[in-house]
2 protein chains.
Amino acid sequence: MENPSEETPARWESLPSWLLTQTANHAHRLVADGFSSVHARGYHYRLLATLEELGPASQAALGRRSGIHLSDMVATVNELADRKLVERAPDPSDRRRNIISLTAAGTRQLRRLEERLAERQDELLAPLSPEERLRLTDLLSRLLDHHNRRIDTPEEPWR
Amino acid sequence: MENPSEETPARWESLPSWLLTQTANHAHRLVADGFSSVHARGYHYRLLATLEELGPASQAALGRRSGIHLSDMVATVNELADRKLVERAPDPSDRRRNIISLTAAGTRQLRRLEERLAERQDELLAPLSPEERLRLTDLLSRLLDHHNRRIDTPEEPWR
DNA sequence: ACGAATCGTTGGGGGCACTAATGATTGTGA
DNA sequence: TCACAATCATTAGTGCCCCCAACGATTCGT
């Protein structure tokens with residue numbers, strides 16, 4: 001029969017979905033590690049970065065741009081606001097909304113997070129040559145684009 | 001590492017760690033979706049597949065092989081045993097151990113899960129040509145190998 | 001025979017993604 | 001203009017995967 005010993009690769013271990021999710025686990029571990037060294041996690045970075053990109057905006061707008069679910073936005077803003085990295089103020093022109101804005105401390109924190117993030121990219125791709133890194137990011141970008149489109153799909157089926 | 005200049009997507013969206021984790025999210029969604037159509041999740045598949053590969057084995061052995069944490073093994077085995085997909089019996093030769101074995105129904109379930117899994121691989125890689133798929137899996141495999149080695153710490157420095 | 005290691009189990013936690021329901025507010029169109 | 005629809009913030013909860021600490025019971029190594 002087979003080799004019943006230890007180093008045989010399980011069947012699923014060559015499946016693209018497995019390779020992808022497991023490699024992503026490592027990536028996540030690396031990045032989360034860097035983030036945790038400044039007491040942050042992914043959502044914090046995503047929110048701060050989106051805030052810098054958009055400028056002051058409502059939680060809903062930030063959620064749409066950053067991919068953070070509206071209901072997770074609340075806690076994320078709370079956490080950042082507690083640490084004065086972000087400010088939450090009512091929108092006078094639309095009383096349903098809060099306007100979230102970046103503080104100076106928030107900007108500094110964002111810079112730190114970007115540093116940690118950049119450091120880890122190299123660690124993540126360590127075994128690949130520069131050309132291979134480009135190929136990988138290209139392939140992944142295309143996959144991601146494809147699946148994002150399949151999900152966003154603003155409905156237009158009529159006309 | 002170039003400057004993507006105009007029409008900047010959010011800065012982080014071109015980072016390898018982002019591409020990887022987000023693509024993995026799509027992969028996970030696809031697969032989990034297939035699994036859930038037969039009332040299963042990733043751990044169930046991994047356990048059943050490992051069980052078929054190893055034959056009856058202890059929970060610890062199955063955990064090591066499948067990458068499922070020992071403490072998660074308990075619940076996973078419980079869930080599968082409740083549905084008679086797996087059997088848990090004491091090991092007479094080592095009373096610390098349980099011997100887990102696959103039932104006929106478990107094998108049938110495994111076949112179903114493998115079907116769902118295979119179906120989704122194609123969906124996942126849809127936008128890529130056959131050559132590109134090979135390149136992607138090759139690159140990912142190398143990344144995964146690299147990071148797995150850095151973590152496993154195979155104990156052998158000793159005699 | 002002793003301490004060290006292993007096994008199963010319990011009971012947590014963190015992070016990310018997601019759903020449902022609610023009250024408040026704003027918009028829209030008939 | 002007024003009823004209805006849509007949006008916003010919030011709360012409360014789920015699911016999945018990964019991980020940690022501690023425990024009693026058992027077996028192993030020396």
Side-chain angles (χ1 to χ4, degrees), chain A residues 17-18 20-36 39-47 57-64 66-79 81 86 88-100 147-148 151 155, chain B residues 17-18 20-36 39-47 57-79 81 88-100 147-148 151 155 158-159:
Chain A
S17 60
W18 174 261
L20 217 37
T21 53
Q22 291 311 297
T23 311
N25 272 351
H26 286 289
H28 181 265
R29 243 190 309 273
L30 283 171
V31 169
D33 226 58
F35 283 173
S36 80
H39 310 101
R41 55 195 177 89
Y43 279 8
H44 297 156
Y45 165 71
R46 278 157 70 176
L47 179 48
S58 71
Q59 296 180 191
L62 292 167
R64 280 188 296 267
S66 65
I68 297 176
H69 197 284
L70 199 49
S71 67
D72 293 317
M73 246 346 254
V74 181
T76 307
V77 171
N78 284 345
E79 289 158 11
V86 128
R88 186 194 256 126
D91 182 340
S93 78
D94 185 339
R95 291 185 316 198
R96 289 170 304 180
R97 291 184 176 137
N98 292 332
I99 295 183
I100 311 301
H147 292 288
N148 279 341
I151 278 200
E155 54 274 51
Chain B
S17 60
W18 174 261
L20 216 37
T21 53
Q22 291 309 297
T23 311
N25 270 352
H26 285 290
H28 181 265
R29 241 191 311 274
L30 284 171
V31 169
D33 226 59
F35 283 172
S36 81
H39 309 101
R41 54 194 177 91
Y43 279 8
H44 297 155
Y45 165 71
R46 278 157 71 176
L47 179 47
S58 72
Q59 296 180 193
L62 292 167
R64 279 188 297 264
R65 189 74 174 113
S66 65
I68 298 176
H69 196 285
L70 199 50
S71 68
D72 293 315
M73 246 346 255
V74 180
T76 307
V77 170
N78 284 345
E79 289 158 11
R88 187 194 254 126
D91 183 340
S93 79
D94 184 340
R95 291 183 319 197
R96 288 171 305 179
R97 291 185 176 136
N98 292 333
I99 294 184
I100 311 302
H147 291 288
N148 279 341
I151 277 200
E155 59 267 71
W158 226 37
R159 291 187 132 276

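In the text below, chain A, chain B and the rest are named by the order of the sequence lines, each starting its count at 1.
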Whole-Å gap separating P (dG15(C)) and NE2 (H39(A)): 12 Å
Q59(B) side-chain N/O to dT9(C) phosphate OP1/OP2 under 4.0 Å: yes
Net bend of the helix from dA1(C)-dT30(D) to dA30(C)-dT1(D), end axes of five pairs each, nearest 10 degrees: 20°
Rounded distance [0.5 Å steps], CD1 in I68(A) versus NE2 in H44(A): 8.5 Å
Phosphate OP1/OP2 of dA17(C): any R46(A) side-chain N/O under 4.0 Å: yes
Whichever of N25(A) and A57(A) has its nearest DNA chain D nucleotide further upstream toward 5': A57(A)
Side-chain N or O of R64(B) closer than 4.0 Å to phosphate OP1/OP2 of dC7(C): yes
Residue-phosphate contact under 4.0 Å: Q22(A) side-chain N/O, dC18(D) OP1/OP2: yes
Touch class at under 4.0 angstrom, heavy-atom based, for D72(A) against every strand present: base
Nucleotide dC18(D), atom C1' - distance to CG of D33(A) in whole Å: 14 Å
Closest nucleotide among dC18(D), dA9(D), dT10(D) to the R97(A) side chain: dA9(D)
Among dC17(D), dG8(C), dA17(C), the nucleotide that comes nearest once only the side chain of A60(B) is considered: dG8(C)
Worked check of side-chain contact (heavy atoms from CB on, under 4.5 Å) between E79(A) and V86(A): CA-CA 9 Å; E79(A) 289 158 11; V86(A) 128; over 6 Å; no
Interatomic spacing from NE2 in H26(B) to OG1 in T21(A) - rounded to 0.5 Å: 14.0 Å
Side-chain heavy-atom pair H28(B), L20(A) within 4.5 angstrom cut-off: no
Contact under 4.0 Å: H28(B) side-chain N or O vs dC17(D) OP1/OP2: yes
Closest non-hydrogen atom pair, F35(A) against R41(A): CD1-C, 3.7 Å
Nearest-angstrom distance from the residue atom CG of L47(A) to P of dA9(D): 12 Å
Whole-Å distance separating the NE2 atom of H69(B) from the P atom of dG15(C): 17 Å
Length of the CD-P vector between E79(A) and dG14(C), whole Å: 11 Å
Atom-to-atom span, CE of M73(A) to C1' of dC18(C) - whole angstrom: 16 Å
Contact state string [nucleotides 24-30 of chain D, B base, S sugar-phosphate only, - no protein heavy atom under 4.0 Å]: -BBS---
Between CG on residue D72(A) and OG on residue S66(A), distance to nearest 0.5 Å: 10.0 Å
Which nucleotide in dC18(D), dG8(C), dT10(D) has an atom nearest any side-chain atom of V74(A): dT10(D)
Distance test, side-chain N/O of N98(B) to OP1/OP2 of dT9(C), below 4.0 Å: yes
Atom pair CG (N78(B)) and CE (M73(B)), whose distance is rounded to the nearest 0.5 Å: 10.0 Å
Between dA17(C) (P) and R41(A) (CZ): distance, integer Å: 10 Å
Heavy-atom side-chain proximity of R88(B) to Q59(B) below 4.5 angstrom: yes
Gap separating the CG atom of L47(A) from the CD1 atom of I100(A), nearest 0.5 angstrom: 7.5 Å
N/O donor-acceptor pair, side chain S71(B) with base dC20(D), under 3.5 angstrom: yes
Closest nucleotide among dC16(C), dC18(D), dG11(C) to the R29(A) side chain: dC18(D)
Any R88(A) side-chain nitrogen or oxygen under 4.0 Å from OP1 or OP2 of dT10(D): yes
Euclidean distance, atom CG of residue L62(A) to atom P of dT10(D) [Å, nearest integer]: 12 Å
Non-hydrogen side-chain atoms of L30(A) and H147(B) separated by less than 4.5 Å: yes
Touch class at under 4.0 angstrom, heavy-atom based, for L70(A) against every strand present: base
Sugar-phosphate, base or nothing in reach of G42(B), heavy atoms under 4.0 Å: sugar-phosphate
